[in-house]
Amino acid sequence: MRTVAVVGASLAGLSAARSLRKQGYDGRLVVIGDELHRPYDRPPLSKEFLAGTLGEADLSLETDDEDLRAEWLLGARATGLDRTERAVRLADGREVRADGIVIATGAVARTLPGSESLAGVHTLRTLDDARALRDELARGGRLVVIGGGFIGAEVASTAYALGLDATVVEAAPTPLAGPLGATMGGIVSTLHVDHGVRLLCGVGVKGLSGERRVDAVLLEDGRSIPADIVVVGVGARPCVEWLEGSGVELDNGVKCGADGRTSLAGVVAVGDCANWYDPRAGAHRRVEHWTGARERPDAAIATLLAGGAVEPGVPRPPYFWSDQYGVKIQFAGHAAAADSVTIEAGAADDRDVLAVYRRAGVPVAVLGMNQPRLFTRWRKQLAAASS
């Protein structure tokens, strides 16, 4: 291959670029990113950066002496992929022709319809999002977080530490039931109540009120929650619209094999936009976690450079972590695969728990709350069992 284009300049794209060089690719490397920023770390955006304890320079994912010998096209949004010409089309009219293409365009935060014109309403996905929200939180006020997932919970935790009055609204009966299951999702979400953050579950949001700036969140049961700042944390959708009509099969993102291979030869996908096949489950999964974006590009790049002639390995069980109200939450595996969950160590009331999820008696996932040593041991066992 003379030229490889990596479309996406966040962690997954950077990891792919690094993997290309590590695996011996010595040709032209072009990295395309729609943001103007060099690759940065996203997990701290809802925590240390939002709290003001971490600066922008601390977010950099590149080392001072790193040189990937890449051409960086930043602030350049991909608008199409011409499979005949092997070209990535950009919004400014340019085209980047490449023999190999890595799709790493990630995902974008979902918004609340009708909220675009109201000041004080935020999503949190990018560095620019975090800058704007940090400035607002520094001024104080009443915060309402719509969505009780990990981003929403972390924002509420940070706001609590900053002294703001915070409310979390979750449409589901139990926050975090999707990733953690109902039992452990309920235990983790009580961290809000422990710290005086109001948690409203089982009620949807009808809309927002306010003239130019939001002043309340309107619930479907008729209640109105006063708000000076609103954070919408209702998930993300994969950024794959630019691939429509390209021949790349799309299904909840870019549909891939277990090695990141797409329906087009010489094109692989990694990161939050990639819907990889999971041989353990016999189904495709889109894994939106930091570790997946860092680890899986190695397999995808090996496939790309070998023209698909390598046998894909079994990826490690997905892993993610969250820091809320001073509690370290760690999770590995798939809760949805379990038919039981038991607390193996600690006590739920103390928010100091190691819980193991099993299916037919076989461990399929593990959750730790302030149990890093035990969690690490169980995570290694899960990875060994699945390899």
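Computed from a prediction, not measured in an experiment: that's the story for all the values here.
With rounding to the nearest 0.5 Å, the separation of CD1 in Ile229 from CG in Leu164 is 5.5 Å.
Ionic pairing of Glu154 and Lys47 is present here: one or more N-O contacts between side-chain nitrogen and carboxylate oxygen are shorter than 4.0 angstrom. Ion pairing of Asp228 with Arg213 is absent here, as no side-chain N (NZ or NE/NH1/NH2) approaches a carboxylate O to less than 4.0 Å. Using a cut-off of 4.0 Å between Lys/Arg side-chain N and Asp/Glu carboxylate O, Glu288 and Arg237 are scored as not salt-bridged. Using a 4.0 Å cut-off between charged nitrogen and carboxylate oxygen, Glu35 and Arg42 count as a salt-bridge pair. Using a 4.0 Å cut-off between charged side-chain N and carboxylate O, Arg2 and Asp99 make no salt bridge. Looking at Arg142 and Asp165, no side-chain N of the basic residue comes within less than 4.0 Å of a carboxylate O on the acidic one, giving no salt bridge.
When side chains are defined from C-beta on, Ile101 counts as touching Val267, because their heavy atoms get closer than 4.5 Å. No side-chain heavy atom of Leu29 sits under 4.5 Å from any side-chain heavy atom of Arg69. Using a 4.5 Å heavy-atom cutoff, the side chains of Val102 and Val7 are not in contact. Residues Arg285 and His334 meet the side-chain proximity criterion, which asks for heavy atoms closer than 4.5 Å. Using a 4.5 Å heavy-atom cutoff, the side chains of Asp92 and Arg77 are not in contact. Under the 4.5 Å side-chain criterion, counting only non-hydrogen atoms from C-beta, Val169 is in contact with Val144. Between His122 and Glu136, the closest side-chain pair of non-hydrogen atoms falls below 4.5 Å. Within the 4.5 Å cutoff, no side-chain heavy atoms of Pro226 are placed close to those of Asp215.
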- Stepwise, does the salt bridge (Lys or Arg N to Asp or Glu O under 4.0 Å) test hold for Asp194 with Arg351? CA-CA 10 Å; Asp194 290 349; Arg351 316 301 179 229; 2.7 Å; yes

- Query: What do the steps show when you test Phe150 against Phe320 for ring pair (Phe, Tyr, Trp, His ring centres under 6.0 Å), and what is the final call?
  - Reply: CA-CA 10 Å; Phe150 284 106; Phe320 60 88; 5.1 Å; yes

- Message: Checking Ser322 against Gln324 for the side-chain hydrogen bond (donor to acceptor under 3.5 Å, both in side chains) test, could you report, in this order, the C-alpha distance in whole Å, the side-chain angles of both residues, the deciding distance, and whether it holds?
- Response: CA-CA 6 Å; Ser322 178; Gln324 300 173 28; 3.0 Å; yes

- Could you check Thr126 against Leu45 for side chain to side chain contact (heavy atoms under 4.5 Å, CB included), going step by step and ending with a plain yes or no? CA-CA 8 Å; Thr126 69; Leu45 295 182; 5.7 Å; no

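For Tyr325 and His192, the ring centers are positioned less than 6.0 Å apart. Ring-centre distance between Tyr40 and Phe49: not below the 6.0 Å cut-off.
Each of Asp34, Thr105, Val248 was evaluated against Trp242; a single residue qualifies, Thr105, per the side chain to side chain contact (heavy atoms under 4.5 Å, CB included) test. Exactly one of Val230, Leu200, Leu143 qualifies for a side chain to side chain contact (heavy atoms under 4.5 Å, CB included) with Thr167. That residue is Leu200.
Side-chain contact check for Asp41 and Trp290: at least one donor-acceptor pair (N or O, by modelled atom type) lies under 3.5 Å.
Of all non-hydrogen atoms in Ala51 and Leu162, the two that sit nearest each other are O-CD2, 4.0 Å. Scanning both residues, Ser246 and Leu243, for their nearest heavy atoms gives OG-O, 2.6 Å.
Judged purely by atom type and a 3.5 angstrom limit, Ser10 has no side-chain atom pairing as donor or acceptor with the backbone of Ala12.
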